[in-house]
Structures are given as structure tokens and as C-alpha cells.
Amino acid sequence: MSDSSTIEVRLPDGSSRSLPEGATALDLAKSIGSRLAKAAVAAVVNGDERDLGSPLSNGATVSILTNDSDEGRHVLRHSTAHVLAQAVVSLFPGAKFTIGPAIEDGFYYDFDLPGGRTFSDDDLQRIEEEMRRIVTADQPFVRHEVSVADALKMFSDQPYKCEIIERVTSGSADGSDAGEVGSGNSVSVYRNSDSFVDLCRGPHVPSTSRLGHFALMKVAGAYWRGNEKGPMLQRVYGTAWESKAALEEHLHRLAEAEKRDHRRLAVEMDLLSFPSELGGGLAVWHPKGAIVRKLMEDYSRQRHADGGYQFVYTPHLANEKLFATSGHLDFYKDGMYPPMEMDNGTYYPKPMNCPMHCLIFKERQRSYRELPLRLFELGTVYRYERAGTLHGLLRIRGFTQDDSHIYCTEEQLTDEITSLLDFVMSVLRKFGFEEFEFNLSTRDPDKSVGSTEIWEKATEALRTAMDRHGVAYKVKEGDAAFYGPKIDIDVRDAIGRKWQLSTIQCDFNLPERFQLEYIGTDNARHRPIMLHRALFGSVERFFGVLLEHYGGSFPAWLAPIQARVLPVTTAHEDHAAQVAARLRARGFRTDLVAADEQLGKRIRNAKVERIPYVLVVGDEDVAADTVGVNPRGGDVRRGVTVDSFIAELEAAVEGT
RNA sequence: GCCCAGGUAGCUCAGGGGUAGAGCAACGCACUCGUAAUGCGUAGGUCGCGGGUUCAAUUCCCGCCUUGGGCUCCA
């Protein structure tokens with residue numbers, strides 16, 4: 001088919017196309033269609049991402065990356081990061097630039113500014129203006145392969161780039177370095193003006209004019225290579241999209257997420273607060289937050305009772321000897337509150353409940369007939385989180401785990417984990433989560449206890465359980481806790497964000513340390529295996545996630561107030577009070593707001609408070625024993641009998 | 001802990017070297033109203049805390065506390 005002057009390339013749909021020899025990926029895109037050529041940002045040639053300007057070879061399989069695909073946006077963002085670096089280098093002579101990858105929804109670039117200078121918000125504006133100038137200048141991104149020696153010369157005034165080059169070529173690079181430059185004896189660089197060249201593996205868009213729908217978002221500190229002891233760099237975050245509309249949509253999504261911020265909603269809805277007098281990372285629950293929390297906890301207790309768990313309570317403090325035995329003082333001391341001295345002993349607030357549950361197990365001799373023994377506690381723990389990491393309810397210092405420790409035999413392990421997966425998903429579904437992702441964390445040989453055999457057995461049990469369920473999972477190598485492998489379960493919330501909530505962890509360390517034993521059928525002593533598991537994880541954190549998931553509009557069964565009764569005028573207050581009393585008698589959380597203000601205002605207030613049902617009673621309702629029902633997110637219905645509303649509310653509560 | 005940005009009335013925020021302002025909320029009065037903000041009035045602040053510069057600091061400078069965004073860490 002092809003002679004010396006044409007080449008043949010294969011397209012993703014299986015078809016082939018002839019092109020003149022020396023044709024580039026862009027030529028290919030143009031030959032397919034002008035719209036494709038316009039949207040093209042890079043190409044995938046035989047599985048590798050390449051610039052559009054790269055010549056194609058005969059027989060290559062080629063697909064064009066367009067700017068509205070994830071991969072295409074990635075290229076777009078990476079190129080925009082380069083423009084950011086170029087702008088900073090031109091505005092801040094002497095600035096050292098380090099790395100600047102594309103990330104979810106955007107990109108960042110880290111800089112080391114001369115004299116430890118930092119960026120201000122004004123700087124960000126100037127940088128953005130300079131970036132727009134560069135985009136308008138339509139500078140081509142031109143790729144060059146250069147030898148390591150030449151690259152080192154080229155970047156002689158850029159120590160961070162030299163470090164990356166050296167690490168890559170010495171083979172000690174990790175993934176992020178390889179991502180910057182590629183690997184081998186030569187490195188690739190991209191030049192897009194006489195004054196700016198950056199080390200990069202590519203690919204990039206053909207020219208800066210292909211960019212433009214971007215915004216710089218914020219400036220933050222970041223350590224070089226993420227190392228706390230390394231230099232603190234200035235990181236500029238930005239976002240970039242293929243079109244103005246996509247950029248605006250993204251900014252809109254951010255604004256929407258901000259409206260759902262659980263800290264904002266917690267104040268607006270009077271749910272809880274973090275008084276500074278109390279200390280960082282410690283919350284107090286106001287009545288409306290407390291009722292929701294109680295409902296969550298009651299539900300959890302009910303499900304655990306149904307699931308064969310036994311409830312226990314343990315104290316908040318323990319003698320240091322307990323945490324020495326459990327190993328927390330060896331492995332977890334940095335995460336613990338400082339000790340207090342009393343009665344010639346040293347006591348610590350507990351960072352976990354497991355050691356105390358082990359004491360309960362150990363308190364008397366156990367038989368195999370008791371296993372699996374499932375101990376459950378809503379146990380409040382205290383962890384010393386570093387000040388800069390605290391974040392509303394999502395990261396706090398005092399929190400309550402829906403914590404359980406299951407003691408079982410090796411043979412029971414797989415079954416137990418299998419039923420746990422059901423249990424977890426069933427409980428989470430009750431809270432409106434439908435999408436789950438599973439992660440299996442395996443052993444880190446440098447930070448683990450226990451024999452290889454038992455790690456393998458436990459990991460296998462976790463795998464088997466997930467396979468039985470047919471759930472897909474990702475493996476995170478080396479991500480396990482020191483005491484055993486685990487399954488972490490992420491959920492997607494109503495606006496698609498991912499939260500890690502539940503965890504199921506195998507532990508063969510604590511049974512060892514506490515010398516836990518049971519008597520088997522063979523009348524001999526055996527060591528049980530222990531499972532740690534939490535569904536909410538932390539009740540506080542789960543509450544925060546729920547608040548954002550529902551955007552404050554709790555379903556009827558969880559809403560602090562389920563129905564509010566509003567008399568149209570003071571003349572209707574008696575009837576309104578009767579309606580409210582009837583609802584309360586049926587166990588519904590109901591209140592009444594008297595006619596001191598106009599009806600419209602009171603309805604508005606109820607809506608702002610996200611109350612599921614607003615009931616209006618006026619003359620007609622007094623006469624007919626009815627209410628006007630104004631449901632959240634629905635239409636007003638007049639003349640509904642109180643009894644039928646009660647049935648409706650009952651159904652709404654049951655249904656969720 | 002480190003980098004950046006904040007801290008002004010209960011909340012959201014404006015202001016700015018000459019001892020402070022709005023909207024909402026609160027309170028009072030009038031209005032009694034059928035589905036998302038009635039009107040008028042009153043009260044409310046050591047402008048985060050401490051120090052410095054100045055005739056004068058809420059404003060400028062320094063330190064601390066605290067909140068938020070990141071880094072690191074993590075439920």
C-alpha cells in the first residue's frame with residue numbers, strides 16, 4: 001500500500017490512513033477534519049503521548065488527544081504551568097523554578113524566589129497578566145532532546161532543575177521526576193521563547209496561543225520534594241480549561257461546593273461550633289446538631305445490635321503501661337496528647353479504643369464458642385493533630401469512633417470480612433451513599449510486625465472477601481498499618497467528591513502483645529485474629545461529610561425539625577398548637593412559630609432552615625381539620641387532612 | 001511545625017493616623033397577613049491580645065493568639 005513517499009497509520013477505530021512521508025500528528029488531525037485539528041492538543045503514538053508536531057512513522061497507531069478529554073486537559077494544564085513559570089521568571093529575575101505538574105482541575109508550579117521573597121495576591125495578578133501576554137504572543141513550544149551534560153549547562157543557574165536531571169539520570173528518580181523530563185541518557189526540554197526553556201518530558205500544545213482559559217487561584221507554601229526539612233517554596237495554583245464555558249463552570253462548581261461547606265452550614269443551621277476558648281480542633285454540639293448526631297448514633301447502635309455486636313464502654317484515659325503494651329507509645333506517640341502525671345503514675349488520653357477492648361477480651365478465659373466476639377463502642381478518642389492540619393469536623397482532635405473489634409479464628413476471617421462488606425455498604429446506603437470504591441492496603445516490609453505467612457493469609461482473606469462480593473478494588477502497595485493489611489472504603493457524595501469513610505483492618509499484632517488466647521475444640525490455647533473496623537470512621541467527620549453531601553438538607557428521618565407549623569394569624573394559633581401536639585405525640589420533631597411576623601417571612605425562615613415540611617394553618621384548615629403542606633423542594637398542597645399528612649410524614653421517614 | 005491570607009456588632013462584610021459604618025439577626029411599637037424578606041424605632045463594638053512609633057493607633061511596625069488556604073501528616 002505505501003510507497004517511499006507515503007506512510008500508513010492506524011487510527012483508534014481500526015481504520016488506516018495514508019499520509020505523505022514526514023507527516024506529523026497535526027497533519028493527520030487536519031486530514032481527518034478541521035474541527036479535530038482545532039481541538040487537538042497532542043497525540044498518542046503507539047501508546048506514548050507525543051507532541052502534535054512530531055513526525056509519524058509508517059505503521060504507527062495514532063490517536064489524537066483533544067482538549068475536552070481528561071488527557072487533553074492534562075496537556076493543556078501542563079502547558080499552562082510552563083507559561084506560569086515563564087511569567088514568573090520574567091517578572092522576578094533570579095527566581096528558581098522547580099516542578100509544575102498538572103493536577104486534578106488545574107496545575108501548580110513551585111518557585112524559589114531570591115532572598116526568600118514570597119508572592120502576594122497582587123503578585124498573582126501581575127503574573128496572570130504576564131501569562132496572558134505570553135499567550136497572545138503565540139509562542140511555539142519547541143521540543144529538543146539534549147544530552148545530560150548540555151542540559152546541566154543549560155540549567156546551570158537552576159539548581160532544582162539540575163537536581164532533577166541528576167536524579168533522573170542516576171536512576172534514583174521517583175515517578176514525579178520521570179514525569180518532568182523522561183529518562184535515559186538524554187533529557188527533553190521545551191523552548192517557547194529565546195528567554196525561556198524548561199525541562200520537560202512533554203507533550204505540550206503546539207503554541208501558547210492554544211491556551212488562555214485559565215485563572216490563578218492561590219499561593220501557598222510547599223516544601224521542595226515534600227520534605228519538611230527541605231526549603232519552603234512558593235507554590236502558585238491555577239486552573240485551566242479548554243473553553244471559557246468550561247472554566248466558568250468549574251468556578252461555579254467551586255462556589256457551589258463552598259456553599260455546602262460544613263463549617264458554614266454548621267453556623268447557619270446552629271448545629272455546632274468550635275469556640276476558640278475550648279481549643280483548636282474541639283467541637284461543642286448545639287441542640288440541633290446534637291439531635292442529628294444522636295439519630296445517627298441510634299441508627300448505628302440498632303444496626304450493630306442486629307448484627308451480633310455487644311456494646312461496651314471504656315474510659316478516656318489509661319495508664320501509660322497499657323499503651324506500652326499495645327505498642328502505641330512506640331508507634332503512635334506523636335499522634336497522642338501529652339501525658340499527665342498523677343498518683344505516681346502517668347496517664348494518656350486514649351488515641352484508640354482497641355487496647356481497652358483487648359483488656360475486656362482478656363479478662364477471663366475465652367472459648368472458641370464465643371468467637372467471633374464482636375465488641376462495639378462509640379468511643380471518644382483524642383489525637384494530637386498538628387495545628388495546621390485541623391479542618392472543621394473533617395480533621396479534629398477529639399472525636400468519636402463507631403469502633404468495633406472483632407476477635408475471630410483464622411478460619412472465620414474470610415466469612416467475617418465478607419459479611420462486614422455487606423454490613424458497611426448497607427449502613428452507608430442508609431445515608432444516601434450509592435457509589436463505593438475499595439482500596440486494599442498491603443504490607444510495608446520496613447514498617448510492619450508479624451510473619452510473612454500471616455500477612456499473606458490476612459491479605460488473602462481480604463482479597464477473597466472482596467472477590468466473593470465481586471467488588472472492584474485498587475491495591476495500595478505498602479500502605480497498610482504496621483499491624484496488618486486493610487480495606488479502606490471511599491464513597492462519592494452528591495456532587496461527586498470522594499471521601500474515605502470506612503475501614504476494615506486485620507491485626508495480628510495486638511493479640512500477640514496482649515497475649516490473647518481462646519480454648520479451641522482441641523482443648524488447646526490459640527491466638528485469635530483481631531479485626532478493627534469503623535463504618536462512619538469518626539462520627540464527627542461523618543457528620544461533616546453528610547452535611548456537605550446533603551447540602552444541609554437532611555432527609556426527613558435525620559432533620560432536626562421535621563415539620564414546622566405556621567398559623568396564618570394569631571386567630572389560628574390554637575388549631576396550630578393542636579396540630580403540632582398531634583405530630584409530637586406521633587414522635588415527630590415539630591415546632592410552631594406564632595404569627596408575630598408575616599407568613600411569607602416565616603415561610604422563608606423555615607426554608608432557609610431547610611425544614612422538610614412547612615405546615616400552614618388558616619381559617620379553612622381550622623374549619624376542616626386540615627393543613628397546607630409546603631414540602632421542601634415540592635409544591636404547596638392545600639387542604640391536606642392532618643391524618644393523611646401524618647401518614648405522608650411517616651412514609652417519608654421510613655422511606656429514607 | 002512551615003508558607004500565604006484574614007481577625008471590625010450575634011452573623012456577613014465596608015472603612016481607614018484625628019477615639020467607627022451597612023445589611024441581616026436581637027429587642028420595642030404598630031400591622032393579623034394563605035405560602036421565600038411589612039414599616040418605624042432601640043440597643044449592641046477596648047476594631048483578636050500585648051508591645052512599639054506618634055501630639056494622636058482600630059489604621060503603621062514587631063511579637064503572640066486564632067481562623068481559613070496549602071505543605072507534611074491523617075479518620
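Quick caveat: nothing in here was measured; it's all calculated off a predicted structure. Numbers restart at 1 for each chain; the letters A, B, ... are given by sequence-line order, proteins then strands.
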Are side-chain N/O atoms of A:Arg235 and A:Tyr237 paired as donor and acceptor at under 3.5 Å? yes

Heavy-atom nearest pair, A:Ala95 first then A:Gln158, reads O-NE2, 3.4 Å

Under 4.0 angstrom between A:Arg395 side-chain N/O and B:U72 OP1 or OP2: no

Name the closest nucleotide to the A:Ala222 side chain, picking from B:A75, B:A36, B:C71. B:C71

Between B:C74 (P) and A:Ile396 (CD1): distance, integer Å: 18 Å

Is A:Tyr237 stacked on the base of B:G70, with ring centres under 5.5 Å apart and planes under 30° apart? no

From the options B:U38, B:C33, B:A75, select the nucleotide whose nearest atom is closest to the side chain of A:Lys601. B:U38

Counting only side-chain heavy atoms from C-beta out, which of B:U35, B:A75, B:C33 sits nearest to A:Arg541? B:A75

Nearest to the side chain of A:Asp621, heavy atoms from C-beta on, is which of B:U72, B:U32, B:G34? B:G34

Which one, B:U35, B:C3, B:G69, comes nearest to the side chain of A:His391? B:G69

Say whether A:His286 and A:Ser273, considering side chains only, have a donor N or O and an acceptor N or O under 3.5 Å apart. yes

Here the distance between atom C1' of B:G7 and atom CZ of A:Phe274, to the nearest Å, is 18 Å

So if I take every side-chain heavy atom of A:Lys218 and compare against B:C71, B:U32, B:G70, which nucleotide ends up nearest? B:G70

Among B:U35, B:G69, B:U72, find the nucleotide with the atom closest to the side chain of A:Ile603. B:U35

I want to verify a distance call: between B:U35, B:G1, B:G69, whose nearest atom is closest to the A:Arg386 side chain? B:G1

With nearest nucleotide decided by heavy atoms, which residue, A:Tyr384 or A:Asp596, maps closer to the 5′ end of RNA chain B? A:Tyr384

Among the candidates B:A75, B:U35, B:U32, find the nucleotide nearest to the side-chain atoms of A:Thr570. B:U32

Between B:A75 atom P and A:His532 atom NE2, what is the distance in whole Å? 12 Å

How is A:Asp619 classified with respect to the nucleic acid when contacts are heavy atoms under 4.0 Å: base, sugar-phosphate, or nothing? base

Return the nearest nucleotide to the side chain of A:Met232; candidates are B:A36, B:C3, B:C74. B:C3

Check step by step if side chain to side chain contact (heavy atoms under 4.5 Å, CB included) holds for A:Met336 and A:Phe323. CA-CA 10 Å; A:Met336 293 169 66; A:Phe323 298 117; 3.9 Å; yes

A:Arg293-A:Thr400 side chain donor-acceptor pair, cut-off 3.5 Å: yes

